[in-house]
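Written below as C-alpha coordinates is the structure these notes are about.
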Amino acid sequence: MKRVAIAERGNWRARAAEAGFRFHTIDGAPYWDESAYYAFTLRQIENDLEDPSAELHAMAMDLVGEVVASEALMTQLAIPEPFRDWIAESWRRRDPHLYGRLDFAYDGTGPAKLYELNYDTPTSLYEASFFQWQWLEDQRNRGALPQQADQFNSLHETLVERFAELAARLPPPLYFSAVGESTEDQGTVDYLRDCAAQAGLHGAAIAIEDIGLSADGRFTDLDDVVIGSLFKLYPLEDLMREEFGAALPRSGVQLLEPAWKAVLSNKGILPLLWQRHRGHPNLLESHFDDGSALPAGWVRKPLHSREGANVAMHMADGSWQESEGPYNGPSIRQVFHALPVFDGNYPLVGSWVVGDRACGIGVREDNSRITRDSARFLPHAIIDDAPQGTTRIYV
(Lines give C-alpha, C1' and ligand atoms only; values in the text may rest on other atoms or scores of the structure.)
Protein backbone atom coordinates (compact mmCIF):
# COMPACT_ATOMS: atom_id res chain seq x y z
CA MET A 1 0.00 0.00 0.00
CA LYS A 2 1.49 3.30 -1.11
CA ARG A 3 0.32 6.88 -1.39
CA VAL A 4 1.34 8.06 -4.86
CA ALA A 5 1.21 11.65 -6.08
CA ILE A 6 -0.43 12.12 -9.50
CA ALA A 7 -1.48 15.08 -11.62
CA GLU A 8 -5.16 15.96 -11.37
CA ARG A 9 -7.29 15.71 -14.47
CA GLY A 10 -7.58 19.19 -15.87
CA ASN A 11 -11.31 18.74 -16.47
CA TRP A 12 -12.31 16.84 -13.34
CA ARG A 13 -14.64 19.56 -12.09
CA ALA A 14 -16.44 19.59 -15.44
CA ARG A 15 -16.63 15.79 -15.27
CA ALA A 16 -18.09 16.09 -11.77
CA ALA A 17 -20.70 18.59 -12.98
CA GLU A 18 -21.67 16.29 -15.87
CA ALA A 19 -22.07 13.38 -13.46
CA GLY A 20 -24.07 15.35 -10.87
CA PHE A 21 -21.29 15.14 -8.28
CA ARG A 22 -22.27 18.32 -6.41
CA PHE A 23 -20.51 17.69 -3.10
CA HIS A 24 -16.88 17.36 -4.26
CA THR A 25 -16.24 20.55 -2.25
CA ILE A 26 -17.95 21.00 1.12
CA ASP A 27 -18.02 24.36 2.92
CA GLY A 28 -15.21 25.59 0.69
CA ALA A 29 -12.87 22.68 1.55
CA PRO A 30 -11.99 19.84 -0.84
CA TYR A 31 -13.77 16.56 -0.24
CA TRP A 32 -12.77 14.79 -3.46
CA ASP A 33 -8.96 14.84 -3.73
CA GLU A 34 -7.22 13.35 -6.77
CA SER A 35 -3.81 14.91 -6.22
CA ALA A 36 -2.74 11.46 -5.03
CA TYR A 37 -4.06 7.90 -5.00
CA TYR A 38 -3.54 4.82 -2.88
CA ALA A 39 -1.90 1.91 -4.69
CA PHE A 40 -2.57 -1.68 -3.59
CA THR A 41 -1.41 -5.03 -4.86
CA LEU A 42 -3.95 -7.65 -5.84
CA ARG A 43 -2.81 -9.83 -2.95
CA GLN A 44 -3.46 -7.01 -0.47
CA ILE A 45 -6.95 -6.48 -1.85
CA GLU A 46 -7.98 -10.13 -2.03
CA ASN A 47 -6.30 -11.51 1.11
CA ASP A 48 -6.24 -8.52 3.46
CA LEU A 49 -9.45 -6.64 2.62
CA GLU A 50 -11.96 -8.58 0.50
CA ASP A 51 -11.79 -11.93 2.32
CA PRO A 52 -11.77 -10.43 5.85
CA SER A 53 -14.70 -8.17 4.92
CA ALA A 54 -16.76 -11.16 3.86
CA GLU A 55 -15.80 -13.10 7.00
CA LEU A 56 -16.48 -10.24 9.42
CA HIS A 57 -19.80 -9.51 7.72
CA ALA A 58 -20.85 -13.13 8.21
CA MET A 59 -19.75 -13.03 11.86
CA ALA A 60 -21.77 -9.88 12.46
CA MET A 61 -24.86 -11.30 10.75
CA ASP A 62 -24.62 -14.41 12.92
CA LEU A 63 -24.91 -12.19 15.99
CA VAL A 64 -28.17 -10.50 15.07
CA GLY A 65 -30.41 -13.42 15.97
CA GLU A 66 -28.71 -13.82 19.33
CA VAL A 67 -29.11 -10.13 20.18
CA VAL A 68 -32.78 -9.78 19.20
CA ALA A 69 -33.64 -12.89 21.24
CA SER A 70 -32.07 -11.43 24.41
CA GLU A 71 -33.56 -8.63 26.49
CA ALA A 72 -30.24 -8.34 28.30
CA LEU A 73 -28.31 -7.74 25.07
CA MET A 74 -30.91 -5.33 23.74
CA THR A 75 -30.60 -3.40 27.00
CA GLN A 76 -26.80 -3.46 26.78
CA LEU A 77 -27.03 -1.94 23.29
CA ALA A 78 -29.39 0.77 24.63
CA ILE A 79 -32.12 -0.15 22.14
CA PRO A 80 -35.34 1.52 23.36
CA GLU A 81 -37.78 -0.99 24.82
CA PRO A 82 -40.83 0.07 22.73
CA PHE A 83 -38.96 -0.88 19.53
CA ARG A 84 -37.43 -4.21 20.55
CA ASP A 85 -40.25 -6.49 19.40
CA TRP A 86 -40.46 -4.59 16.09
CA ILE A 87 -36.71 -5.02 15.53
CA ALA A 88 -36.84 -8.70 16.48
CA GLU A 89 -39.77 -9.36 14.16
CA SER A 90 -37.93 -7.59 11.35
CA TRP A 91 -35.10 -10.10 11.78
CA ARG A 92 -37.44 -13.09 12.06
CA ARG A 93 -38.98 -12.06 8.72
CA ARG A 94 -35.46 -11.52 7.35
CA ASP A 95 -36.46 -8.12 6.03
CA PRO A 96 -34.05 -7.48 3.15
CA HIS A 97 -30.98 -5.30 3.46
CA LEU A 98 -29.02 -3.38 0.86
CA TYR A 99 -25.50 -2.46 1.92
CA GLY A 100 -22.98 -1.65 4.63
CA ARG A 101 -19.43 -0.40 5.10
CA LEU A 102 -16.68 -1.78 7.33
CA ASP A 103 -13.98 0.72 8.31
CA PHE A 104 -10.44 -0.63 8.61
CA ALA A 105 -7.03 0.54 9.72
CA TYR A 106 -4.66 -0.98 7.17
CA ASP A 107 -1.07 -0.28 6.17
CA GLY A 108 -0.46 -2.98 3.57
CA THR A 109 1.73 -5.17 5.78
CA GLY A 110 -0.46 -6.74 8.44
CA PRO A 111 -4.06 -7.80 9.08
CA ALA A 112 -6.60 -5.03 8.52
CA LYS A 113 -8.12 -4.05 11.87
CA LEU A 114 -11.84 -3.35 12.10
CA TYR A 115 -12.62 0.04 13.63
CA GLU A 116 -16.39 -0.14 13.25
CA LEU A 117 -19.38 -1.12 11.14
CA ASN A 118 -21.46 1.49 9.31
CA TYR A 119 -24.51 -0.62 8.52
CA ASP A 120 -27.47 1.74 8.71
CA THR A 121 -26.57 4.96 6.87
CA PRO A 122 -23.15 4.47 5.25
CA THR A 123 -22.06 7.32 2.98
CA SER A 124 -19.18 7.92 0.50
CA LEU A 125 -20.90 5.40 -1.78
CA TYR A 126 -21.27 7.41 -4.98
CA GLU A 127 -17.65 8.50 -4.99
CA ALA A 128 -16.46 4.95 -4.20
CA SER A 129 -18.67 3.33 -6.82
CA PHE A 130 -18.85 5.73 -9.76
CA PHE A 131 -16.51 8.70 -9.59
CA GLN A 132 -13.30 6.92 -8.61
CA TRP A 133 -13.90 4.38 -11.40
CA GLN A 134 -14.26 7.25 -13.86
CA TRP A 135 -10.98 8.65 -12.49
CA LEU A 136 -9.26 5.31 -13.11
CA GLU A 137 -10.48 5.09 -16.70
CA ASP A 138 -9.47 8.68 -17.45
CA GLN A 139 -6.00 8.23 -15.95
CA ARG A 140 -5.44 5.03 -17.93
CA ASN A 141 -6.61 6.70 -21.13
CA ARG A 142 -4.23 9.62 -20.67
CA GLY A 143 -1.30 7.31 -19.87
CA ALA A 144 -0.88 8.44 -16.26
CA LEU A 145 -1.64 4.89 -15.07
CA PRO A 146 -0.72 1.64 -16.83
CA GLN A 147 -3.44 0.03 -18.92
CA GLN A 148 -3.47 -2.99 -16.62
CA ALA A 149 -4.22 -0.85 -13.58
CA ASP A 150 -7.44 -2.01 -11.91
CA GLN A 151 -9.62 -1.17 -8.94
CA PHE A 152 -11.43 -3.19 -6.29
CA ASN A 153 -14.78 -1.86 -7.39
CA SER A 154 -17.75 -3.83 -8.63
CA LEU A 155 -20.06 -1.68 -6.53
CA HIS A 156 -22.27 -0.31 -9.27
CA GLU A 157 -23.15 -3.60 -10.93
CA THR A 158 -23.60 -5.28 -7.56
CA LEU A 159 -25.97 -2.55 -6.39
CA VAL A 160 -28.04 -2.91 -9.57
CA GLU A 161 -28.14 -6.69 -9.11
CA ARG A 162 -29.14 -6.30 -5.46
CA PHE A 163 -31.98 -3.91 -6.28
CA ALA A 164 -33.24 -6.43 -8.83
CA GLU A 165 -33.29 -9.04 -6.06
CA LEU A 166 -35.13 -6.66 -3.73
CA ALA A 167 -37.82 -5.68 -6.23
CA ALA A 168 -40.23 -8.44 -5.24
CA ARG A 169 -39.67 -7.92 -1.51
CA LEU A 170 -40.34 -4.19 -1.17
CA PRO A 171 -44.05 -3.27 -0.96
CA PRO A 172 -44.94 -0.40 -3.31
CA PRO A 173 -44.81 2.50 -3.55
CA LEU A 174 -41.09 2.88 -2.86
CA TYR A 175 -39.58 6.20 -1.73
CA PHE A 176 -35.99 7.34 -1.27
CA SER A 177 -35.41 9.88 1.47
CA ALA A 178 -32.76 12.00 3.18
CA VAL A 179 -32.53 15.41 4.82
CA GLY A 180 -33.59 17.90 2.18
CA GLU A 181 -30.77 20.41 2.78
CA SER A 182 -27.94 17.85 2.82
CA THR A 183 -26.27 17.99 -0.59
CA GLU A 184 -24.10 14.98 0.19
CA ASP A 185 -26.96 12.78 1.41
CA GLN A 186 -29.21 13.84 -1.46
CA GLY A 187 -26.41 12.98 -3.88
CA THR A 188 -26.12 9.50 -2.38
CA VAL A 189 -29.89 8.99 -2.53
CA ASP A 190 -30.04 10.19 -6.15
CA TYR A 191 -27.34 7.68 -7.07
CA LEU A 192 -29.14 4.82 -5.34
CA ARG A 193 -32.42 5.76 -7.03
CA ASP A 194 -30.62 5.55 -10.35
CA CYS A 195 -29.18 2.11 -9.48
CA ALA A 196 -32.66 0.92 -8.53
CA ALA A 197 -34.15 2.30 -11.75
CA GLN A 198 -31.52 0.44 -13.78
CA ALA A 199 -32.81 -2.72 -12.09
CA GLY A 200 -36.39 -1.84 -13.03
CA LEU A 201 -37.27 -0.74 -9.50
CA HIS A 202 -38.57 2.82 -9.61
CA GLY A 203 -38.96 4.97 -6.53
CA ALA A 204 -39.88 8.58 -5.82
CA ALA A 205 -37.76 11.06 -3.88
CA ILE A 206 -38.99 12.78 -0.73
CA ALA A 207 -37.19 14.81 1.92
CA ILE A 208 -37.32 13.09 5.29
CA GLU A 209 -38.89 16.19 6.85
CA ASP A 210 -41.74 16.10 4.29
CA ILE A 211 -42.98 12.66 5.34
CA GLY A 212 -46.35 12.85 7.08
CA LEU A 213 -48.40 10.59 9.32
CA SER A 214 -51.97 9.63 8.54
CA ALA A 215 -54.76 9.46 11.10
CA ASP A 216 -54.41 5.67 11.23
CA GLY A 217 -50.63 5.84 11.87
CA ARG A 218 -49.17 5.23 8.41
CA PHE A 219 -46.43 7.29 6.78
CA THR A 220 -47.43 9.37 3.76
CA ASP A 221 -45.99 11.63 1.07
CA LEU A 222 -47.00 15.24 0.42
CA ASP A 223 -50.11 14.04 -1.47
CA ASP A 224 -51.16 11.77 1.42
CA VAL A 225 -50.17 8.63 -0.52
CA VAL A 226 -49.24 5.88 1.94
CA ILE A 227 -45.56 4.90 1.69
CA GLY A 228 -45.07 1.16 1.27
CA SER A 229 -41.26 1.00 1.41
CA LEU A 230 -38.81 3.68 2.45
CA PHE A 231 -35.09 3.89 1.84
CA LYS A 232 -34.04 6.40 4.47
CA LEU A 233 -30.55 7.85 4.68
CA TYR A 234 -31.29 8.93 8.21
CA PRO A 235 -30.13 7.27 11.45
CA LEU A 236 -32.66 4.81 12.81
CA GLU A 237 -31.67 5.61 16.40
CA ASP A 238 -32.61 9.24 15.71
CA LEU A 239 -35.95 8.25 14.20
CA MET A 240 -36.73 6.19 17.29
CA ARG A 241 -36.19 9.25 19.49
CA GLU A 242 -38.34 11.61 17.43
CA GLU A 243 -42.07 12.21 17.71
CA PHE A 244 -43.07 10.38 14.53
CA GLY A 245 -40.77 7.49 15.42
CA ALA A 246 -43.27 6.14 17.91
CA ALA A 247 -45.45 5.17 14.94
CA LEU A 248 -42.79 3.01 13.27
CA PRO A 249 -43.68 -0.40 14.78
CA ARG A 250 -47.36 -0.15 13.75
CA SER A 251 -47.00 1.87 10.54
CA GLY A 252 -46.58 -1.09 8.20
CA VAL A 253 -43.74 0.67 6.34
CA GLN A 254 -40.88 -1.51 5.08
CA LEU A 255 -37.60 0.23 5.87
CA LEU A 256 -34.42 -0.06 3.88
CA GLU A 257 -32.11 -0.46 5.72
CA PRO A 258 -34.41 -2.73 7.81
CA ALA A 259 -35.14 -2.29 11.50
CA TRP A 260 -32.76 -5.12 12.51
CA LYS A 261 -29.83 -3.01 11.27
CA ALA A 262 -30.22 -1.15 14.59
CA VAL A 263 -28.17 -4.02 16.03
CA LEU A 264 -25.29 -3.82 13.57
CA SER A 265 -25.11 -0.01 13.37
CA ASN A 266 -24.50 0.07 17.13
CA LYS A 267 -20.89 0.28 18.40
CA GLY A 268 -21.86 -2.32 20.98
CA ILE A 269 -21.55 -4.95 18.26
CA LEU A 270 -17.75 -4.58 18.55
CA PRO A 271 -17.36 -5.93 22.12
CA LEU A 272 -19.92 -8.63 21.31
CA LEU A 273 -17.83 -9.70 18.32
CA TRP A 274 -14.70 -9.69 20.48
CA GLN A 275 -16.37 -11.79 23.18
CA ARG A 276 -17.32 -14.44 20.64
CA HIS A 277 -14.18 -14.31 18.48
CA ARG A 278 -11.48 -13.30 20.94
CA GLY A 279 -8.10 -12.96 19.26
CA HIS A 280 -9.43 -12.85 15.70
CA PRO A 281 -6.70 -11.20 13.60
CA ASN A 282 -9.05 -8.56 12.16
CA LEU A 283 -10.71 -7.57 15.44
CA LEU A 284 -9.51 -5.10 18.05
CA GLU A 285 -10.06 -5.90 21.70
CA SER A 286 -13.25 -4.09 22.69
CA HIS A 287 -15.35 -3.87 25.86
CA PHE A 288 -18.42 -2.06 27.08
CA ASP A 289 -17.12 1.00 28.90
CA ASP A 290 -16.97 0.49 32.65
CA GLY A 291 -14.33 3.15 33.29
CA SER A 292 -11.37 0.76 33.31
CA ALA A 293 -8.36 1.36 31.09
CA LEU A 294 -6.78 -0.91 28.51
CA PRO A 295 -3.01 -1.23 29.04
CA ALA A 296 -1.92 -0.42 25.47
CA GLY A 297 -4.10 2.67 25.19
CA TRP A 298 -7.75 2.87 24.25
CA VAL A 299 -10.41 4.68 22.27
CA ARG A 300 -13.83 5.48 23.74
CA LYS A 301 -16.79 5.68 21.36
CA PRO A 302 -20.48 6.23 22.19
CA LEU A 303 -22.76 3.39 21.10
CA HIS A 304 -24.42 5.85 18.72
CA SER A 305 -21.92 8.23 17.19
CA ARG A 306 -21.08 9.15 13.62
CA GLU A 307 -18.38 10.87 11.58
CA GLY A 308 -15.78 10.72 14.32
CA ALA A 309 -17.81 12.76 16.80
CA ASN A 310 -17.37 12.39 20.57
CA VAL A 311 -14.40 10.04 20.23
CA ALA A 312 -11.74 10.09 22.98
CA MET A 313 -8.29 8.55 22.40
CA HIS A 314 -5.87 7.74 25.20
CA MET A 315 -2.59 6.67 23.66
CA ALA A 316 -0.13 4.30 25.31
CA ASP A 317 2.29 7.19 25.98
CA GLY A 318 -0.38 8.99 28.02
CA SER A 319 -1.31 11.58 25.39
CA TRP A 320 -4.95 12.38 24.64
CA GLN A 321 -7.04 13.39 21.65
CA GLU A 322 -10.76 14.07 21.74
CA SER A 323 -13.42 15.24 19.30
CA GLU A 324 -16.53 17.22 20.04
CA GLY A 325 -20.04 16.33 18.99
CA PRO A 326 -23.67 15.82 19.98
CA TYR A 327 -23.50 12.20 21.11
CA ASN A 328 -23.54 10.94 24.67
CA GLY A 329 -24.83 7.96 26.59
CA PRO A 330 -23.26 4.50 26.97
CA SER A 331 -19.92 3.89 25.27
CA ILE A 332 -17.44 1.18 24.38
CA ARG A 333 -13.68 1.09 24.77
CA GLN A 334 -11.54 -0.33 21.98
CA VAL A 335 -7.82 -0.95 22.20
CA PHE A 336 -5.84 1.86 20.55
CA HIS A 337 -4.54 0.90 17.11
CA ALA A 338 -3.06 3.76 15.12
CA LEU A 339 -3.87 4.51 11.51
CA PRO A 340 -0.82 4.58 9.23
CA VAL A 341 0.54 8.01 8.34
CA PHE A 342 1.60 9.14 4.87
CA ASP A 343 3.17 12.61 4.93
CA GLY A 344 0.84 13.71 7.72
CA ASN A 345 -2.24 12.06 6.18
CA TYR A 346 -4.14 9.30 8.00
CA PRO A 347 -6.03 6.99 5.60
CA LEU A 348 -9.01 4.88 6.64
CA VAL A 349 -10.14 2.10 4.30
CA GLY A 350 -13.90 1.67 3.93
CA SER A 351 -14.80 -1.77 2.62
CA TRP A 352 -18.24 -2.11 1.07
CA VAL A 353 -20.63 -5.05 1.35
CA VAL A 354 -23.70 -5.07 -0.90
CA GLY A 355 -26.20 -7.72 0.10
CA ASP A 356 -23.72 -10.21 1.53
CA ARG A 357 -20.94 -9.63 -1.00
CA ALA A 358 -17.73 -7.66 -0.40
CA CYS A 359 -17.34 -5.67 -3.60
CA GLY A 360 -15.24 -2.51 -3.29
CA ILE A 361 -13.32 -0.05 -1.17
CA GLY A 362 -12.98 3.69 -0.72
CA VAL A 363 -10.19 5.53 1.09
CA ARG A 364 -10.89 8.58 3.21
CA GLU A 365 -8.00 10.61 4.52
CA ASP A 366 -7.72 13.10 7.36
CA ASN A 367 -4.90 15.08 8.93
CA SER A 368 -6.07 13.78 12.30
CA ARG A 369 -5.98 10.35 13.93
CA ILE A 370 -9.77 10.68 14.22
CA THR A 371 -11.49 10.43 10.84
CA ARG A 372 -14.01 13.29 10.90
CA ASP A 373 -16.78 14.47 8.60
CA SER A 374 -14.21 16.78 6.96
CA ALA A 375 -12.04 13.86 5.78
CA ARG A 376 -11.15 13.80 2.08
CA PHE A 377 -11.88 10.98 -0.35
CA LEU A 378 -8.94 9.75 -2.46
CA PRO A 379 -9.17 7.20 -5.29
CA HIS A 380 -7.27 3.92 -5.32
CA ALA A 381 -5.80 1.58 -7.91
CA ILE A 382 -4.53 -1.99 -8.00
CA ILE A 383 -1.00 -1.84 -9.41
CA ASP A 384 1.25 -4.74 -8.49
CA ASP A 385 4.37 -2.86 -9.58
CA ALA A 386 3.29 0.46 -8.06
CA PRO A 387 5.95 3.20 -8.01
CA GLN A 388 7.62 4.02 -4.72
CA GLY A 389 5.33 6.18 -2.64
CA THR A 390 5.93 8.18 0.49
CA THR A 391 7.44 6.55 3.55
CA ARG A 392 5.06 5.22 6.17
CA ILE A 393 5.53 6.70 9.63
CA TYR A 394 3.78 5.21 12.65
CA VAL A 395 2.93 7.26 15.71
Side-chain angles (χ1 to χ4, degrees), residues 6-38 98-99 101 118 120-139 151 153 155-160 163 174-199 201-211 221-222 230-235 238 256-257 306-309 348 350 352 354 360-367 371-380:
I6 191 171
E8 296 181 352
R9 296 169 292 168
N11 66 340
W12 77 260
R13 288 174 179 79
R15 296 280 272 164
E18 292 170 2
F21 187 11
R22 300 184 299 276
F23 54 95
H24 57 75
T25 303
I26 299 176
D27 296 331
Y31 169 63
W32 171 265
D33 182 357
E34 60 176 70
S35 63
Y37 69 94
Y38 280 90
L98 178 62
Y99 68 155
R101 194 188 74 231
N118 292 276
D120 181 32
T121 58
T123 54
S124 76
L125 177 67
Y126 169 84
E127 47 274 37
S129 175
F130 178 80
F131 205 66
Q132 72 165 340
W133 181 259
Q134 186 189 82
W135 168 88
L136 178 73
E137 291 184 322
D138 287 348
Q139 296 289 28
Q151 202 170 80
N153 187 2
L155 273 163
H156 184 82
E157 51 266 44
T158 309
L159 283 164
V160 173
F163 273 117
L174 168 65
Y175 288 77
F176 288 80
S177 186
V179 172
E181 296 301 315
S182 173
T183 303
E184 180 181 0
D185 288 357
Q186 288 295 332
T188 300
V189 166
D190 288 346
Y191 174 64
L192 285 169
R193 282 184 68 212
D194 182 64
C195 290
Q198 290 181 42
L201 181 61
H202 298 280
I206 186 170
I208 195 82
E209 53 267 38
D210 288 338
I211 295 175
D221 68 8
L222 289 169
L230 178 67
F231 174 90
K232 48 104 199 107
L233 195 64
Y234 192 83
D238 289 349
L256 191 66
E257 294 297 290
R306 294 165 187 267
E307 299 178 326
L348 181 74
W352 288 94
V354 175
I361 62 168
V363 181
R364 289 174 298 145
E365 182 184 84
D366 208 322
N367 56 7
T371 306
R372 302 161 298 181
D373 59 355
S374 57
R376 303 170 299 279
F377 188 101
L378 274 71
H380 81 276

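Worth saying up front: this structure is predicted, and the values here are computed from it rather than measured.
- Residues passing the side chain to side chain contact (heavy atoms under 4.5 Å, CB included) test with Thr25, sequence neighbours excluded: none.
- What you find for Arg101 and Thr123 is that their closest heavy atoms are NH1-O, 2.8 Å.
- The ring pair (Phe, Tyr, Trp, His ring centres under 6.0 Å) search around Tyr126 returns Phe21, Phe130, Tyr191, not counting sequence neighbours.
- Considering only residues two or more places apart in sequence or on other chains, Glu209 meets the side chain to side chain contact (heavy atoms under 4.5 Å, CB included) condition with Val179, Ala207.
- Arg13 is linked by a side chain to side chain donor-acceptor pair (under 3.5 Å) to nothing, counting only residues two or more places apart in sequence or in another chain.
- Residues satisfying the ring pair (Phe, Tyr, Trp, His ring centres under 6.0 Å) criterion with Tyr99, sequence neighbours excluded, are Trp352.
- Nearest heavy-atom pair across Leu230 and Leu174 is N-CD1, 4.4 Å.
- With sequence neighbours excluded, no residue forms a salt bridge (charged side-chain N to carboxylate O under 4.0 Å, His left out) with Asp210.
- Contacts of Asp238 classified as side chain to side chain contact (heavy atoms under 4.5 Å, CB included), with partners at least two apart in sequence or in another chain: Tyr234, Pro235, Arg241, Glu242.
- Remark: Phe163 engages no residue in a ring pair (Phe, Tyr, Trp, His ring centres under 6.0 Å) (not counting sequence neighbours).
- Residues passing the salt bridge (charged side-chain N to carboxylate O under 4.0 Å, His left out) test with Arg22 are Asp190, sequence neighbours excluded.
- Remark: Arg193 pairs with no residue by the salt bridge (charged side-chain N to carboxylate O under 4.0 Å, His left out) rule, at least two apart or across chains.
- Every residue two or more places apart in sequence or in another chain that forms a side chain to side chain donor-acceptor pair (under 3.5 Å) with Gln139 is listed here: Arg142.
- Asp185 meets the salt bridge (charged side-chain N to carboxylate O under 4.0 Å, His left out) test with no other residue; sequence neighbours excluded.
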